[in-house]
Amino acid sequence: MQKKATVDAVFPDGSAQLLVLRQSACSGECHKCGGCGSVGQTLRLTAKNPIGAQKGDIVVVESESGVVLKAAALIYLLPLTLFLLGYLAAMCLGAWALLIGLGGFCLGTLPAVLYNRRVKNHPPEYTIIQLVK
């Protein structure tokens, strides 16, 4: 996954602090569709700096795509799948099927919470791959 960022600081250990603008799902171009006008959020992260970018440079930063894909699967697919499996398996029980399905959904969110804690303690690695001209 690649994103544009601005170098905020350069450290002697060969890393750099970056400012990345996180935009909403609509890409922040509300003037095109007359949308809500939501404000982007600026994230501060540390990345490897093998190209020697300096403070103020605009760069392209790359991260592991696997982190995003795993998170999406855990957050969206697992709870939904467990809800459907629980509900369909318990359909013969009548009103209890919904409660069992909701129990499966709640159980499905547990791995997402645990994965979130793991990512907070061991954040993904970012690498600056090129300067933007």
Side-chain angles (χ1 to χ4, degrees):
M1 180 179 200
Q2 296 181 357
K3 190 95 171 145
K4 286 185 183 176
T6 304
V7 179
D8 189 43
V10 178
F11 302 118
D13 66 352
S15 63
Q17 186 175 53
L18 305 177
L19 299 175
V20 179
L21 181 63
R22 174 193 262 172
Q23 295 182 342
S24 68
C26 67
S27 77
E29 298 177 0
C30 297
H31 64 280
K32 288 185 178 179
C33 65
C36 63
S38 65
V39 179
Q41 181 183 32
T42 302
L43 302 175
R44 196 175 292 267
L45 56 93
T46 302
K48 294 177 185 174
N49 187 9
I51 65 170
Q54 297 298 313
K55 182 176 180 168
D57 288 346
I58 297 174
V59 296
V60 176
V61 63
E62 183 176 57
S63 67
E64 306 162 13
S65 296
V67 173
V68 175
L69 295 175
K70 285 179 191 175
L74 286 173
I75 292 170
Y76 297 111
L77 293 178
L78 187 61
L80 180 62
T81 302
L82 290 180
F83 170 78
L84 289 174
L85 287 174
Y87 181 79
L88 293 174
M91 273 185 27
C92 63
L93 298 176
W96 286 99
L98 181 60
L99 291 175
I100 292 172
L102 289 175
F105 180 84
C106 291
L107 184 65
T109 60
L110 182 63
V113 171
L114 296 175
Y115 185 71
N116 184 43
R117 287 183 184 170
R118 181 174 172 260
V119 169
K120 279 185 180 179
N121 292 333
H122 304 287
E125 290 188 7
Y126 299 96
T127 305
I128 298 172
I129 57 172
Q130 71 182 37
L131 288 170
V132 175
K133 306 229 182 230

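Since the structure is predicted, the reported quantities are computational estimates derived from the model, not experimental observations.
- Residues Leu78 and Phe83 are members of separate hydrophobic clusters, defined by side-chain heavy-atom contacts under 4.5 angstrom among Ile, Leu, Val, Met, Phe, Trp and Tyr.
- Put simply, Leu45 and Ile51 are part of the same group of oily side chains (I, L, V, M, F, W, Y) that touch within less than 4.5 Å, one to the next.
- In terms of heavy atoms, Tyr126 sits closest to Val61 at CB-CG2, 3.7 Å.
- Nearest heavy atom pair, residue Gly108 against residue Pro79, reads O-CG, 3.6 Å.
- Looking only at side-chain heavy atoms (C-beta outward), Leu18 and Asp8 stay at 4.5 Å or farther from each other.
- Here CG of Leu19 is found 6.5 Å from CD of Gln17. Values are rounded to the nearest 0.5 Å.
- For the atom pair CG of Leu85 and CG of Leu80, the computed distance is 9.5 Å after rounding to the nearest 0.5 Å.
- With sequence neighbours excluded, the residues satisfying side chain to side chain contact (heavy atoms under 4.5 Å, CB included) with Val60 are Gln2, Ile129, Gln130, Val132.
- Separating the CG atom in Asn49 from the CZ atom in Phe11 is a distance of 10.5 Å, to the nearest 0.5 Å.
- Scanning for side chain to side chain contact (heavy atoms under 4.5 Å, CB included) contacts around Tyr115 gives Val67, Lys70, Ala71, Leu74, Arg118, Val119, with sequence neighbours left out.
- The side chain to side chain contact (heavy atoms under 4.5 Å, CB included) test applied to Ala90 returns Leu93, Ala97, Ile100, not counting sequence neighbours.
- Here the closest heavy-atom approach between residue Ala47 and residue Thr127 is recorded as CB-N, 4.2 Å.
- For the pair Leu82/Tyr87, no side-chain contact is recorded, criterion being any heavy-atom separation below 4.5 Å from C-beta on.
- Taking hydrophobic clusters as Ile, Leu, Val, Met, Phe, Trp and Tyr residues chained together by side-chain heavy-atom distances below 4.5 Å, Met91 does not share a cluster with Leu99.
- Thr81 places a side-chain N or O within donor-acceptor distance of the main-chain N or O of Leu77, the cut-off being under 3.5 Å.
- Between the side chain of Asp13 and the backbone N or O of Ser15, at least one donor-acceptor pair lies under 3.5 Å.
- Atom NZ in Lys3 sits 6.5 Å away from atom CG in Leu21 (nearest 0.5 Å).
- Side-chain contact between Ile58 and Leu131 is absent, with no heavy-atom pair separated by less than 4.5 Å.
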